[in-house]
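Working notes for the structure below.
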Amino acid sequence: MAKEITTRVNDYSQWYNDLVIKGGLADYSSVRGCMVIKPYGYAIWENMQAALDKMFKETGHVNAYFPLFIPKSFLSKEAAHVEGFAKECAVVTHYRLKNAPDGSGVIVDPDAKLEEELIVRPTSETIIWNSYKNWIQSYRDLPLLINQWANVVRWEMRTRLFLRTAEFLWQEGHTAHATAQEAIEETEKMLDVYATFAEDYLALPVIRGKKTANERFAGALDTYCIEAMMQDGQALQAGTSHFLGQNFAKAFDVQFLNKEGKQEFVWATSWGVSTRLIGALIMAHSDDDGLVLPPKLAPLQVVIVPIAKPGEELNKIYERVAPAIKELKAKGISVKFDDDDTKRPGFKFAEYELKGVPVRLAMGMRDYDNGTVEVARRDTKEKSVQQFEGIAAYIENLLNDIQQNIYNKAKSFRDNNIREANSWSEFQQLIEQPGFISAHWDGSPETEEKIKELTKATIRCIPLNNKQEDGVCVLSGKPSKERVIFARAY
RNA sequence: CGGGGUGUAGCGCAGUCCGGUUAGCGUACCUGGUUUGGGACCAGGUGGUCGCAAGUUCGAAUCUUGCCACCCCGACCA
C-alpha cells in the first residue's frame with residue numbers, strides 16, 4: 001500500500017483528511033485556514049455548479065456579480081446581521097505597500113490608510129441590497145431574481161478542509177418580491193431545489209426543515225435548511241434558504257410603488273450552498289478504500305485499464321475498446337483509457353478506487369480472446385465478467401444503478417439512525433450513539449441552549465410537514481406539539 | 001485567547017536525554033533493464049539553510065534564551 005488511508009473506525013476525522021489529501025481533491029495552503037482546491041476536487045465543484053446553475057435558470061434566476069469588498073458602514077445597517085458576522089470579518093485597512101527603509105522587504109504604507117475600511121464579504125446581502133435600492137422603484141421591477149457564484153471569507157477559529165475554511169466558494173441567491181407570501185414561496189422553492197439536487201446528484205438523503213431562532217441566519221425571519229447525516233452519525237447542514245422579511249429593505253431603504261400607487265418596502269430572500277457539499281459527499285458515501293463518488297458528479301465515470309504488454313497486445317485491446325469509448329462518449333459518459341505503461345494494473349486499480357471512479361473496466365488478452373471484459377463497480381466493489389458486445393448500454397445502466405444504490409444505502413443508514421427519545425435519561429443515552437434524535441421540545445431558546453450545554457447536541461431543524469402529536473419536552477417537561485431533530489453537528 | 005503537542009529531503013519518521021567523522025531510514029522522484037489479471041523487481045542516482053535568530057563550546061540537529069509556524073482539545077461557525 002503506497003497510500004495508507006486511516007480507517008473510519010480508527011479515526012474518522014483522519015480518514016476524512018486522508019481522503020481529501022490522498023484523493024487529490026485539495027491541499028493545505030500556506031495561508032492559515034485556507035485550502036487549495038486541486039483540479040480533481042474542482043472538477044466535482046464544476047459538476048455541482050453546472051447542475052445547480054441549470055436548476056436556478058429553470059426557476060427564473062439570472063447570474064450577476066457584486067464586489068468582494070463591502071464598505072464597513074454597510075454591514076452595520078442591519079443590526080442582527082452585523083451582530084452575527086462581526087466576529088469573523090477580514091478587514092482591508094490600507095491600499096498600498098512600500099519598501100521597508102531597512103531593506104527587509106515590503107511594509108504597509110502608513111500613509112495609505114483607507115478613509116473607510118472595507119470588509120471582505122462574509123456574505124453579500126448588504127452590498128447587494130445597496131444596489132437593489134437603485135434598481136427597484138415599481139412593482140414592475142419585481143420580482144428580482146439574482147444569483148451570484150462567488151468566494152466569501154469568514155475568519156473561522158478552527159478550520160477543516162471543505163467543511164469550514166476561512167475562504168470558500170459558494171453561490172448566493174438574493175431575491176426581492178412585492179409580497180411576503182411570494183418571498184416565502186421563493187424561499188421554499190429554493191429549499192426544494194437544494195433538496196432535489198442533494199438527493200438526485202449527491203445521492204444524499206436530506207431532511208427539509210426550519211431552523212430554530214437560535215440557529216437562524218443573522219438578519220432572517222426564517223431560515224430553512226436541508227440536513228444530512230454523515231457516516232459517523234453527525235449532522236451536516238447542506239444548504240440554507242432564508243426568508244429575510246423586510247429587514248434589508250428597511251436597512252437600505254428599498255421601496256417600490258405598488259399598483260395602488262403606495263410606497264412599500266420589498267420582501268427578500270437569500271439562499272446558498274457551498275463547496276462544503278464536497279465534504280458532505282465524501283463523508284456520506286466513501287469507504288476505507290477511498291472516495292465513492294456518485295456517477296452524476298464524478299469527474300471521471302468510467303476508466304478502462306488494459307492489461308497488456310506495450311506494443312501489439314496493447315494495440316489490439318485499444319482497437320477493441322475504441323468503438324465502445326466512442327459510444328459511451330456519445331451517451332455523455334466520461335471515459336478514460338489508461339494506457340500509461342509506467343504503472344502496473346494493480347496500482348491503477350487501487351488508485352482509481354481511491355479516486356472514487358464509479359466503474360472500472362479491465363481487459364487483458366484472456367478477455368480479448370473470450371470477447372469479454374471485467375467490470376468492477378466502486379460502490380459495492382463487485383467484479384463481474386461481461387460480454388464486451390453491448391458493453392456501453394450495460395455501463396449506462398450500471399451507472400444509474402450505482403447512483404441509486406449509493407442513495408439507498410445512505411438513506412437506510414440515516415433512517416436506521418434516527419431514534420426517538422421520550423425522556424431526558426433516554427436522550428442522554430441516545431446522544432452518545434451516532435445518529436439523530438427525534439424528540440419533543442418546548443419551543444424555548446433557553447431549553448435549546450441548556451440541552452446544547454449539557455450534551456453538545458443542537459436542534460438541527462424542525463422538519464417541514466412534521467407530524468403533529470402531543471408530547472412533553474424531554475428536558476423541561478412542558479407541553480409540545482411536535483418532535484424536532486437533535487444531533488451533534490459539523 | 002486558554003490547555004497540550006510537533007517542527008530533520010516532496011511525504012512519513014529515527015537521531016536530540018548523554019554535543020564529536022561526510023546527518024540516516026522508508027517512501028516518492030530520475031536513469032537503465034526485466035516485468036504487467038490487485039499497489040512489481042534489480043542496479044545506479046538526485047534531493048537537506050536539521051523552523052528562525054542569538055548565545056555557550058575547539059566543535060551544536062543535539063545544550064541555553066528569545067521568536068515563528070503548524071496540529072490537536074475548548075470558546076465561534078456554512
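Numbered from 1 within each chain, the chains take letters A, B, ... in sequence-line order. Any value given below was found using the heavy atoms of this structure, including those in side chains, with hydrogens, waters and symmetry copies removed.
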For A:Q49, I'd like to know if atom CD has over 12 heavy atoms of other residues, nucleotides or ligands within 6.0 Å. yes
A:H61 versus A:E186, side-chain donor and acceptor atoms under 3.5 Å: yes
What does A:S274 touch in the nucleic acid at a heavy-atom separation under 4.0 angstrom: a base, only the sugar-phosphate, or nothing? base
Counting only Watson-Crick or G-U wobble pairs whose two distances fall under 3.5 Å, which nucleotide matches B:A43? B:U31
Considering only residues two or more places apart or on different chains, which pairs with a residue in residues 297-325 of chain A satisfy ring pair (Phe, Tyr, Trp, His ring centres under 6.0 Å)? A:Y318-A:F337
NA contact type, A:Y490, heavy-atom cut-off 4.0 Å: base, sugar-phosphate, or nothing? nothing
Give one of base, sugar-phosphate or nothing for A:L236, where a contact means two heavy atoms less than 4.0 Å apart. nothing
If we call it a pair only when both distances are under 3.5 Å in a Watson-Crick or G-U wobble match, what pairs with B:G55? B:C63
Please test A:T6 against A:D18 for side-chain hydrogen bond (donor to acceptor under 3.5 Å, both in side chains), starting from the C-alpha separation and ending with a verdict. CA-CA 7 Å; A:T6 307; A:D18 283 356; 2.7 Å; yes
So A:T165, base contact, sugar-phosphate only, or nothing? Heavy-atom distance under 4.0 Å. base
Could you tell me whether A:Q237 contacts a base, only the sugar-phosphate backbone, or nothing, with contacts defined as non-hydrogen atoms closer than 4.0 Å? sugar-phosphate
Would you check if the side chain of A:R121 reaches a backbone N or O of A:F66 as a donor-acceptor pair within less than 3.5 Å? yes
How does each nucleotide of nucleotides 30-38 of chain B score, in 5' to 3' order, for protein heavy atoms under 4.0 Å: base (B), sugar-phosphate only (S), or none (-)? -----BBBB
Which side-chain N or O atoms in residues 306-315 of chain A pair as donor and acceptor under 3.5 Å with protein atoms at least two apart or in another chain?
{"unit_1": "A:E313", "atom_1": "OE1", "unit_2": "A:K309", "atom_2": "N", "d": "3.0"}
{"unit_1": "A:N315", "atom_1": "ND2", "unit_2": "A:G311", "atom_2": "O", "d": "3.3"}

